[in-house]
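The first residue in the sequence is number 1, and the count goes up from there. Ligands are counted one by one from 1 in listed order, and the atoms in each one are counted from 1 as well.
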Amino acid sequence: MLQLIRRADGTTRADLAALTGLARSTISQRLGQLQAQGLLRELDGGESTGGRPPSMLEFNDDAGVVLAADLGATHSRLAVTNLGGTVLAEDRGDIEIAAGPEPVLDWADERFHLMLRSLDRGDDSVRGIGIGVPGPVEHATGRPRNPPIMPGWDGYPIPERFADRYGVPVLVDNDVNIMGLGELWTNWRSVDHLLFVKVGTGIGCGVLMDGRIHRGADGAAGDIGHIRVAAGDEAEQVPCSCGNVGCLEALAGGGAMARRLRAEGLDAPDARTVVDLARAGEPAAVSLVRESGRLIGEVLAASVNLYNPSVLVVGGDVAQAHEQLLAGIREVVYQRSLPLATRHLRVVRSQLADRAGVIGAAAMVTEDVLSPAAIDAAIAASPPGSAVAAG
Ligand SMILES: [Zn+2]
């Protein structure tokens, strides 16, 4: 019933009765329980056909807040959102993930505390915490698993770091997964199947199927950066950080582009300078970005055949920097994927840009803490009679 009200499908008792087939008395009892949890607002009015207008039911997005963190390799973003995903406060900082879990999580914890204070909210208003990290995560335990660019984080119990103070669910996931969820939740609510590709220093893909993150058996689904691409004999021998040769990331990631620009005598220490050079219209950088787009398109064309998404969203610093990346991807995907798989496919740039991660982290948490199972558990745990008192 809460899901119907949140989606605004059912906004009156009569709507809910028609949609669920439940008796009015059952609906009233259930609404009383949700009101006792502070999750509903009841407004007078609505469209009347004579007589007393029916009261309108609305989800109370201010019934609590979510703390969201998108921890990146060199910079991180934090947010406090309400239960509707609206950002109430934001913060960001340049902090090296390689400094290890203690300093990074201490920093996040302190900033969360300051943001809550600035909003005049207590720790008890926090309903859940969502954290994205740049590496593979065992979602069930919130522990990173052999993350290549996160020394000291392997197996670290991130949720336990926040459990004492807040006593709420702490969900951790790979950053690309939550970015995809953020896009789906914000801009593509009517879409069930979406792929989100992040092109930054590295390359990764979030796979969203049936509106949910597809993590795979070990949390490694979507790791397209280490798929080998056909790019000619020489390129296929380029070593990758994973130990293999000829991986997509080693040829088309921002780091790889920087290396190739340096080989041409340009001053390009990292992916960020590739972005700057492309933006400035440096021809070598622009054509390299296009070429990377085509290589990424090769792997995405296969992914489109495999998953048949409705939307392919391209994000990350390099995607935001220059339209040539998207152009290269589109060129190959539409040419190489099956016509049936591309008939309704849209290939678009991320609209949330660098906020996709925190918005997705918050969405991951609200979907969990407002799930029917979680709400039932909260109602069962509340003292008897409280529902009647508030109803
Ligand atoms: Zn690799």
| Between the side chains of Asp276 and Thr273, does any donor sit under 3.5 Å from an acceptor? | no

Would you give me the side-chain donor-acceptor pairs under 3.5 Å for residues 216-226, sequence neighbours excluded?
none

- Query: Regarding Glu58 and Thr11, is there a side-chain donor-to-acceptor distance under 3.5 Å anywhere?
  - Reply: no

Under a 3.5 Å threshold, yes or no: a donor from one side chain and an acceptor from the other, between Glu42 and Ser55? yes

Which of Arg6, Arg212, Arg127 passes salt bridge (charged side-chain N to carboxylate O under 4.0 Å, His left out) with Glu367? It is Arg6

Open item on the list: Looking at Glu90 and Arg355, is there a salt bridge between them, counting it only when a charged N and a carboxylate O are closer than 4.0 Å?
Closed with: yes

Shell check on the Zn ion (ligand 1): protein N, O or S atoms less than 2.8 Å away are His226 ND1, Cys240 SG, Cys242 SG, Cys247 SG

